[in-house]
A.B. asks: 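I have a structure I would like to understand better, so I am pasting it below and will then ask my questions one at a time.
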Amino acid sequence: METRPYDPETDAAGLWELKERFEHELGALGGDEKADSYEGKLTDDYRERYLDWVGRCVERDPDSVTVAADGNDLAGYVFVLPEELAMIWDAAVLNELYVRESSRGTDLADELMTAAYDCARNQELPLDRIMLDVDHENGPAGGLYARHGFESWGELRARDL
């Protein structure tokens, strides 16, 4: 398995496949209403907007998205927001991390975390921290982040518009 920077020209279809899986799994954590909400956003328009945004992020910081490739197939990815977008939390922001189910239980998530740390260390931000948002019902992700030394630091809250 090779980890390398994301290439929009060759990796977009594979990244989108993983992103869809990521969203379906997140939605499934919260029952039917949350699942329907996450499923409903996965439109062709959203795919185009997401992949365009990822492309713009990679233009700003080529290391912001790292993929794990097994030949031509992607097994996982990590997405750290570029420095200028991370200023919202004054720290590096780990936006997304996903590993395909067949590659879980390997060291792939740890390799992707290392890529995220490397990207974050190259950013010049007010706080020498890396932040993330994890669903409290996502036990495996919470376990990974706890094993990597992440601690609760405040609480993110949201409401419908």
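On a predicted model such as this, the values are computed, not experimentally measured, just so you know.
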A.B. asks: Go through the steps for V80 and D61 under the test side-chain contact (heavy atoms from CB on, under 4.5 Å), then give the verdict.
C.D. replies: CA-CA 9 Å; V80 176; D61 182 353; over 6 Å; no
A.B. asks: In the structure I gave you, are the side-chain heavy atoms of L15 and V54 within less than 4.5 Å of one another anywhere?
C.D. replies: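 Yes. Closest side-chain heavy atoms under 4.5 Å.
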A.B. asks: Using only atom types and a distance under 3.5 Å, with no angle test, would you say the side chain of T114 pairs donor to acceptor with the backbone of D110?
C.D. replies: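 Pair found, side chain donor or acceptor close to backbone of D110.
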A.B. asks: I want to check something: taking the side chain as every heavy atom from C-beta on, are C57 and L85 in contact at a cut-off of under 4.5 Å?
C.D. replies: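 SC-SC contact between C57 and L85 confirmed.
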A.B. asks: For the residue pair M1 and S103, what are the closest heavy atoms and their distance?
C.D. replies: CE-OG, 4.1 Å
A.B. asks: Can you classify the ring geometry of Y98 versus Y77 as parallel (below 30°), tilted (30 to 60°) or perpendicular (above 60°)?
C.D. replies: tilted
A.B. asks: Determine, for E96 against K19, whether the closest basic-nitrogen to carboxylate-oxygen distance falls under 4.0 angstrom.
C.D. replies: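 Salt bridge present between E96 and K19.
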A.B. asks: To the nearest 0.5 Å, what is the distance between CG on N72 and CG on L74?
C.D. replies: 9.0 Å
A.B. asks: Should Y50 and V58 be counted in the same cluster of Ile, Leu, Val, Met, Phe, Trp and Tyr side chains packed under 4.5 Å apart?
C.D. replies: yes
A.B. asks: Report yes or no: do I88 and L127 belong to one cluster of Ile/Leu/Val/Met/Phe/Trp/Tyr joined by side chain heavy-atom distances under 4.5 Å?
C.D. replies: yes
A.B. asks: Atom OH of Y38 and atom CD of E20: how far apart are they, to the nearest 0.5 Å?
C.D. replies: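 The OH atom of Y38 sits 15.0 Å away from the CD atom of E20.
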A.B. asks: Within a strict 4.5 Å, meaning less than it, do heavy atoms of the T66 and P5 side chains meet?
C.D. replies: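 No, too far: nothing below the 4.5 Å cut-off.
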A.B. asks: Quick check for you: to the nearest 0.5 Å, what is the distance between D128 atom CG and D90 atom CG?
C.D. replies: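 It is 11.5 Å, given to the nearest 0.5 Å.
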A.B. asks: Under 4.0 Å between a Lys/Arg side-chain N and an Asp/Glu carboxylate O for E17 and R100?
C.D. replies: yes
A.B. asks: In sequence, state the C-alpha distance, the side-chain angles, and the governing distance for Y6 and S64, and then conclude on side-chain contact (heavy atoms from CB on, under 4.5 Å).
C.D. replies: CA-CA 8 Å; Y6 168 76; S64 65; over 6 Å; no
A.B. asks: Please report the shortest heavy-atom distance between L94 and L132, naming the atom on each side.
C.D. replies: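 Looks like O-CB, 3.7 Å.
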A.B. asks: In Å and rounded to the nearest 0.5 Å, what is the OG to CG distance from S37 to D32?
C.D. replies: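 Separation between the atoms: 12.5 Å.
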A.B. asks: Between E84 and R56, does any side-chain N to carboxylate O distance fall below 4.0 Å?
C.D. replies: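 Answer for the salt bridge query: no.
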A.B. asks: So that I can tick it off, tell me whether K41 and D36 are bridged by a salt bridge, with the cut-off set at under 4.0 angstrom between side-chain N and carboxylate O.
C.D. replies: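 Salt bridge: no.
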A.B. asks: Determine, using ring centers only, whether F22 and W16 are less than 6.0 Å apart.
C.D. replies: no
A.B. asks: Count I, L, V, M, F, W, Y as connected when their side-chain heavy atoms are under 4.5 Å apart, and connections chain through other members. Are L51 and W53 then in the same cluster?
C.D. replies: yes
A.B. asks: V67 versus R4: any side-chain heavy-atom pair under 4.5 Å?
C.D. replies: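 Touching, per the 4.5 Å side-chain cut-off.
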A.B. asks: Is it true that a side-chain atom of N122 and a backbone atom of D118 form a donor plus acceptor pair closer than 3.5 Å?
C.D. replies: yes
A.B. asks: So among V134, N138, L112, L97, which one has a side chain to side chain contact (heavy atoms under 4.5 Å, CB included) with L144?
C.D. replies: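 Of V134, N138, L112, L97, side chain to side chain contact (heavy atoms under 4.5 Å, CB included) with L144 is met by L97 alone.
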A.B. asks: So, E39 side chain and H24 main chain: donor-acceptor pair closer than 3.5 Å or not?
C.D. replies: no
A.B. asks: Are the side chain of Q123 and the backbone N or O of L81 linked by a donor-acceptor pair below 3.5 Å?
C.D. replies: yes
A.B. asks: Between R104 and V99 (side chain of the first, backbone of the second, donor and acceptor by atom type, cut-off under 3.5 Å), is there such a pair?
C.D. replies: yes
A.B. asks: Between D52 and R49 (salt bridge meaning N to carboxylate O under 4.0 Å), is one present in this structure?
C.D. replies: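 No.
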A.B. asks: Given the rule in the side-chain contact (heavy atoms from CB on, under 4.5 Å) test, do F150 and M113 qualify, once you have shown the distances and angles that lead to the verdict?
C.D. replies: CA-CA 12 Å; F150 283 81; M113 290 297 296; 3.5 Å; yes
A.B. asks: Mind listing the closest non-hydrogen atom pair of V93 and W89 along with its distance?
C.D. replies: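 Taking every non-hydrogen atom into account, CG2-CE3, 4.0 Å.
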A.B. asks: Could you please spell out the steps behind the side-chain contact (heavy atoms from CB on, under 4.5 Å) verdict for M131 and R129?
C.D. replies: CA-CA 6 Å; M131 309 288 291; R129 300 184 75 91; 4.1 Å; yes
A.B. asks: Find out whether L108 and T3 are in side-chain contact, i.e. whether some heavy atom of one side chain is under 4.5 Å from a heavy atom of the other.
C.D. replies: yes
